[in-house]
Amino acid sequence: MDEIKELLNLIENLKNENENLRKEISEIKEKELHREKTFNELIKERIKFQKKTLNSLLREKELNSQLNTWKKIVDEMSHSINTDVFAALSYLNSIPQTVEYFHLIKKAKHNITRIRDITNLIMWDLNKERLPKAKEIHKVNLKNLIEAQIYTIKEGIDSLRLSIREHKNKLLNLNIPIFTKGICEIEIDDNLETALELICKDLLRNAFQYTDEEDPKIHIEIIEYEMFIKVAIYNNRIISKTETDWFNSNQENLTEEIPMSKSSKVGLRLVKKWCHNLHIESKFEIDSDKSQTIIKLQVPKLIKYEKI
């Protein structure tokens, strides 16, 4: 009898323990479900936060990119336009109220025309994907183009902002020999001819500025090859290795800050950009033994913009 009673008590105890275990398992499951739900909610909130952060970063990057792009455009326009506006105003201010000087008016009109051409060029670059193809291919003699730009620079010599008057006067009277070999003509889209003039003008301006103040010298070589024409501009003062390396670096590195005047840096960045657009190879070299800086261009015989 005692054994039966003991057995019954054992069974009852086992039932109670089993019930307790069920309750504990149920509570554990409930806690796990709650934990899983909380974890999922945290994951969802984290994903929302990451998406929001990513969108914010992408938007910020886009805005910064747009800002940098427009800043470069404004700098390029300002550099090109201000140079010619300065020259144009100088000529116009030289005209007395009662006397007409045809040659001064002609110079002013030339520079104002340059303003128009450069502005049109920049606008063409911004909208080139939507514009029709060039209507004409022009033949351009590089020697004639360079001589024209030399004349323009001398006529607007004050825009070089040279610190020594004697240096400016010597440059005004400087004879610049141009050695040619072969037929130095290229063919170019009518839309892009102004860009080629801009490249040559800014590189020549740089050569004028980097000449010896006591004895300035510049000479130019234009040599024809089968597929391209090489242009080399020599001036008798060397620029720093920092500036040379900066100009000769990749297009993307031209935003780096280096010790150079803003005007010169913007001008050379503009040159590099349009050399890239026109597939013209450009390079600065230094000849320390002769105290020379050499600007070299490799100009294709056909420059034509093709839409991608």
Side-chain angles (χ1 to χ4, degrees), residues 76 80 110 113-114 116-153 176-208 218-235 244 247-252 254 267-287 292-308:
E76 291 165 3
S80 300
H110 171 79
T113 301
R114 287 284 299 164
R116 180 203 65 194
D117 290 346
I118 291 170
T119 303
N120 288 343
L121 178 64
I122 293 172
M123 296 309 296
W124 175 86
D125 186 42
L126 290 174
N127 297 286
K128 59 189 175 186
E129 297 299 332
R130 298 188 290 107
L131 295 176
K133 291 184 179 180
K135 295 179 181 178
E136 297 180 21
I137 299 292
H138 289 179
K139 283 190 175 182
V140 175
N141 183 290
L142 291 181
K143 181 182 179 182
N144 293 344
L145 184 149
I146 288 172
E147 286 178 335
Q149 297 309 313
I150 290 172
Y151 174 80
T152 301
I153 292 169
I176 301 177
I178 302 178
F179 169 80
T180 62
K181 182 179 179 181
I183 300 172
C184 300
E185 278 190 350
I186 65 162
E187 294 181 307
I188 187 169
D189 274 9
D190 59 349
N191 288 324
L192 300 175
E193 191 172 345
T194 304
L196 185 60
E197 293 174 356
L198 183 150
I199 290 169
C200 292
K201 182 177 181 180
D202 265 314
L203 290 178
L204 285 165
R205 281 171 55 85
N206 189 79
F208 268 74
I218 299 173
H219 71 275
I220 299 167
E221 294 177 353
I222 309 173
I223 302 174
E224 180 191 21
Y225 291 84
E226 183 178 356
M227 301 299 295
F228 56 85
I229 296 173
K230 275 194 174 180
V231 178
I233 304 171
Y234 297 79
N235 51 278
T244 303
F247 183 83
N248 293 341
S249 65
N250 295 332
Q251 178 74 12
E252 295 77 13
L254 295 182
L268 291 178
R269 192 171 65 215
L270 195 61
V271 166
K272 193 71 172 177
K273 171 185 175 180
W274 280 103
C275 283
H276 176 77
N277 288 347
L278 273 56
H279 305 292
I280 296 173
E281 293 184 19
S282 58
K283 186 178 182 181
F284 271 83
E285 292 183 0
I286 296 172
D287 186 339
Q292 286 186 146
T293 300
I294 308 108
I295 307 159
K296 293 186 176 181
L297 298 176
Q298 186 170 297
V299 185
K301 286 190 175 180
L302 175 63
I303 298 176
K304 188 176 181 181
Y305 171 70
E306 298 287 352
K307 291 188 178 183
I308 300 175

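FYI, side chains are in, hydrogens and waters are out, and symmetry mates aren't considered; it's all heavy atoms of this structure.
For the side-chain hydrogen bond (donor to acceptor under 3.5 Å, both in side chains) test, no residue two or more places apart in sequence or in another chain qualifies with Q149. Legend: residues meeting side-chain hydrogen bond (donor to acceptor under 3.5 Å, both in side chains) with E187, ordered by chain and number and at least two apart, are absent. Looking at residues two or more places apart in sequence or on another chain, you find a side-chain contact (heavy atoms from CB on, under 4.5 Å) between F228 and Y225, K230, Q298. Evaluation of the salt bridge (Lys or Arg N to Asp or Glu O under 4.0 Å) rule for E197 yields R114 as partners, not counting sequence neighbours. In this view, K283 and E285 satisfy the salt bridge (Lys or Arg N to Asp or Glu O under 4.0 Å) rule, not counting sequence neighbours.
Of all heavy-atom pairs between A207 and N235, the closest is O-CB, 3.5 Å. Across N248 and S282, no two heavy atoms sit closer than the pair OD1-O, 4.5 Å. Between V299 and I303, the closest heavy-atom pair is CG1-CD1, 3.9 Å. Considering every non-hydrogen atom in both T293 and F284, the closest pair reads CG2-CD2, 3.6 Å. Residues I218 and I233 come closest through the heavy atom pair CG2-CG2, 4.3 Å. For P300 against I280, the heavy-atom pair with the smallest separation is CD-CG1, 3.9 Å.
Taken to the nearest 0.5 Å, the CD1 atom of I176 stands 7.5 Å off from the CD1 atom of I153. Rounding to the nearest 0.5 Å places CG of L270 at 11.5 Å from NZ of K201. Taking CZ of R269 as the reference point, atom NZ of K272 lies at 13.5 Å (rounded to 0.5 Å). How far CG of L196 is from CG of L145: 5.0 Å, rounded to the nearest 0.5 Å. Distance check, rounded to the nearest 0.5 Å: CD of E193 to CG of L278 gives 11.0 Å.
Between I229 and I223, the closest side-chain pair of non-hydrogen atoms is not below 4.5 Å. Using a 4.5 Å heavy-atom cutoff, the side chains of L203 and L268 are in contact. Side-chain contact between I220 and L204 is present, with heavy atoms from C-beta onward closer than 4.5 Å. Within the 4.5 Å cutoff, the side chain of V271 has no heavy atoms near those of the N206 side chain.
Note on E224 versus K301: salt bridge recorded, some NZ/NE/NH1/NH2 to OD/OE distance being below 4.0 Å.
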| message | If you apply the rule side-chain contact (heavy atoms from CB on, under 4.5 Å), what do you find for W274 with D202, and how did you get there? | response | CA-CA 11 Å; W274 280 103; D202 265 314; over 6 Å; no
| request: Might you work through the side-chain contact (heavy atoms from CB on, under 4.5 Å) test for L302 and I186, ending with a clear yes or no? | output: CA-CA 6 Å; L302 175 63; I186 65 162; over 6 Å; no
Ignoring hydrogens and angles, write down the donor-acceptor pairs under 3.5 Å from the side chains of residues 177-185, residues two or more places apart or on other chains.
none

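Panel note: side chain D189, backbone L192; no donor-acceptor pair is recorded below 3.5 Å.
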